[in-house]
Protein chains: 2
Amino acid sequence: MPTGSPTGSPTGSPTEERLRAAAFELFEQQGYDATTVESIAERAGVGRTTFFRAFGSKEDVIFPDHTDVLARVRQRLAASAAADTPTAVTEAARLVLRRYLDEGDLARARYRLTRTIPALRSREIAHLQQYQQEFRDHIRRWTGEQPGADLRAELMASSVVVAHNHVLRRWLRGLTDDPEREFDAAMAQVLRTHAPSVTGDDWADGRADGGATVVVLRSPVDPEAVLPALRRALAQAEQAEQAEQAEGNGRATDPVEPS
Amino acid sequence: MPTGSPTGSPTGSPTEERLRAAAFELFEQQGYDATTVESIAERAGVGRTTFFRAFGSKEDVIFPDHTDVLARVRQRLAASAAADTPTAVTEAARLVLRRYLDEGDLARARYRLTRTIPALRSREIAHLQQYQQEFRDHIRRWTGEQPGADLRAELMASSVVVAHNHVLRRWLRGLTDDPEREFDAAMAQVLRTHAPSVTGDDWADGRADGGATVVVLRSPVDPEAVLPALRRALAQAEQAEQAEQAEGNGRATDPVEPS
DNA sequence: TGCTCGGTGGTACTGAGTACCATAATGACG
DNA sequence: CGTCATTATGGTACTCAGTACCACCGAGCA
């Protein structure tokens, strides 16, 4: 692992940049806890006070522009039309991913630290939770007022964040060279799981009509051949639906194997 | 809201109990940051040293037995047969929920604090993440070695945690009187989304066979009537499947509305 | 009485973070 | 060029969490 100052896209005053470089160098050399703010400031050639003015705390040196990214995410979500919520969320998550990718080695250095120091890990998790809440709130506005919409929005938001993290972590560990491509695939998987339909959102419609949505897994197979399974599935779905209406809980989805 | 010492199931020495009660009282009265460890110890009639011996830190007073619960969860998961992973995870999550419910007002007092103090919130989120990792690792052992299994395990684990939190939060806010019932419903929804089939796990089988799984939403409807939609769905699913094999990513699920 | 031992209190220290003040660098304006 | 206001900076002193260490007290025991 390289000990030199990480490359990337530095965003800040020269003083901040020197402090950040000094901090990461010392953290890598002596560990996080063994490094005092005073020593960081000294190495950067500034006073201790200046450090705390530049970054609010010792932890903040590690997460320089989280606030910025969060604001951009919020902005991206707010700017989206209500219709294409999945796209908006995907692109907002991509924004976060790209920010990490742009950081390059800096992101990897941070990852090395967050993996080992519990306090930093907590901090990072808390940040992710903030993204998740933005997603959740945005999705929540989209899902309408059916019973279970709150939970469904939370599930979808967390899935998006998990998918993002999954790909990001693979990249941080050097397990992939094309994270954006994996991101697309992962997000597609998530949206496929949570979005109700390819043709559009039938979430907002609720369940008032007698229509049916058919989901098919693992084709190819002759359509006629699955008719018996379909018949059984319909019967079971009907039962499940009745059972759930009492609980005020989401749509019925009962998978059944064909004979 | 009651200011008195919270009820529940106190677990600890009398000294620890007095410290915890004093801490919560002061936190509620003056806020978390304005309360010093010294004042807590003083109110409890012990020395500051004793406080730090009983609880490792000021934050730890709020989360007394998280380590215990985590150990129990781990134990519960380890004790389960590999076959019924969904059940094991559900019951492990229920273990956590029950622990909160048993605490009663204490849990609600903690919730009040964690909602307002960022440091405590981070701490709690970090705890949840630990549960999530236990779930993920357990699920991961179950899902086998198909491509995308890692991500799928993470998604399922996070969904379980999110569902648990959702119900727990509703209870903490006093929005429900029967959290266990809602927990069952939420977990059913999660497992329905992530488990591949009601009849058993066809995850382990991979996608080698040409079989199809049919999922039907929002019945009742005449089986024959959805045949055209089914035909279209199969065609689309086939395309999606081919598109994904290049990415080495999960199963294809393409919902389509019937005409 | 003298002994150990677990629990306790006190004291002193490090280091993060805050508040406040003094001062140097900058830049606008006369 | 001088003056004033602004801004960034350094320094000092303080609070408080957390750690290390030592002294002590009381219970049991020989």
Side-chain angles (χ1 to χ4, degrees), chain A residues 10-64 66-67 110 113-114 116-124 126, chain B residues 10-64 66-67 110 113-114 116-124 126:
Chain A
T11 63
S13 73
T15 303
E16 287 177 11
E17 223 29 61
R18 284 221 311 281
L19 277 167
R20 203 165 54 118
F24 271 88
E25 285 166 18
L26 289 175
F27 289 162
E28 299 252 0
Q29 286 171 18
Q30 332 172 337
Y32 180 79
D33 289 319
T35 304
T36 69
V37 170
E38 193 155 16
S39 66
I40 297 173
E42 189 186 11
R43 174 179 270 247
V46 299
R48 205 175 78 104
T49 310
T50 303
F51 177 93
F52 281 110
R53 253 191 289 259
F55 311 92
S57 75
K58 188 177 170 186
E59 292 182 0
D60 281 341
V61 197
I62 316 283
F63 311 100
H66 164 256
T67 309
R110 184 194 304 124
L113 290 172
T114 52
T116 46
I117 286 68
L120 299 180
R121 179 191 288 261
S122 299
R123 184 68 170 259
E124 180 152 67
Chain B
T11 62
S13 73
T15 303
E16 287 177 12
E17 222 31 59
R18 284 220 313 282
L19 277 168
R20 201 164 56 117
F24 271 88
E25 286 165 20
L26 289 175
F27 289 162
E28 300 254 357
Q29 286 171 17
Q30 333 172 334
Y32 180 79
D33 289 319
T35 304
T36 68
V37 171
E38 193 154 17
S39 66
I40 298 172
E42 188 185 12
R43 175 180 270 247
V46 300
R48 205 175 76 105
T49 310
T50 304
F51 176 92
F52 282 110
R53 253 191 290 259
F55 311 94
S57 75
K58 190 178 169 185
E59 291 182 2
D60 280 339
V61 197
I62 317 282
F63 310 99
H66 164 255
T67 309
R110 184 193 303 125
L113 290 172
T114 52
T116 45
I117 287 71
L120 299 180
R121 179 190 287 262
S122 299
R123 185 69 171 259
E124 180 153 67

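Labels below follow one simple rule: chain letters A, B, ... track the order of the sequence lines, proteins then strands, and each chain is numbered from 1. It should be emphasised that the depicted structure is a prediction, and the values quoted were computed from it without experimental measurement.
Distance from the side chain of B:Thr50 is smallest to C:dG9 among C:dG9, D:dT12, D:dT9. The A:Thr49 side chain lies nearest to D:dG11 when the options are D:dG18, D:dG11, C:dG17. For A:Thr36, taking side-chain heavy atoms from C-beta onward, the closest of the listed nucleotides C:dG10, C:dA19, C:dA16 is C:dA16. Minimum atom distance to the side chain of B:Val37 is reached by D:dA17, of the listed D:dA17, C:dT11, C:dT8.
In this structure, A:Phe52 atom CZ and D:dG11 atom P are separated by 15 Å, rounded to whole Å. One can place CZ of A:Phe55 at 15 Å from P of C:dA16, the figure rounded to the nearest angstrom. Across the protein-nucleic acid pair, B:Arg48 atom CZ and D:dC22 atom P stand 18 Å apart, rounded to whole Å. What separates CG of A:Leu26 from C1' of C:dA16 is a distance of 16 Å, to the nearest Å. B:Asp60 has its CG atom 8 Å from the P atom of D:dG18, to the nearest Å. B:Phe51 places its CZ atom 14 Å from the C1' atom of D:dT19, with the value rounded to the nearest Å. Distance CG (B:Asp33) to C1' (C:dT18): 13 Å, rounded to an integer number of Å. In this structure, the CZ atom of B:Arg123 is 15 Å from the P atom of D:dA17, given to the nearest Å.
Contact annotation: B:Thr15 side-chain N/O to C:dG7 OP1/OP2 distance is not under 4.0 Å.
Comparing B:Arg53 and A:Thr35 against DNA chain C, the residue whose closest nucleotide sits nearer the 5' end is B:Arg53.
In A:Glu38, the CD atom is not crowded: 12 or fewer heavy atoms of neighbouring residues, nucleotides or ligands sit closer than 6.0 Å.
Taken to the nearest 0.5 Å, the CZ atom of B:Arg20 stands 12.0 Å off from the CZ atom of B:Phe51.
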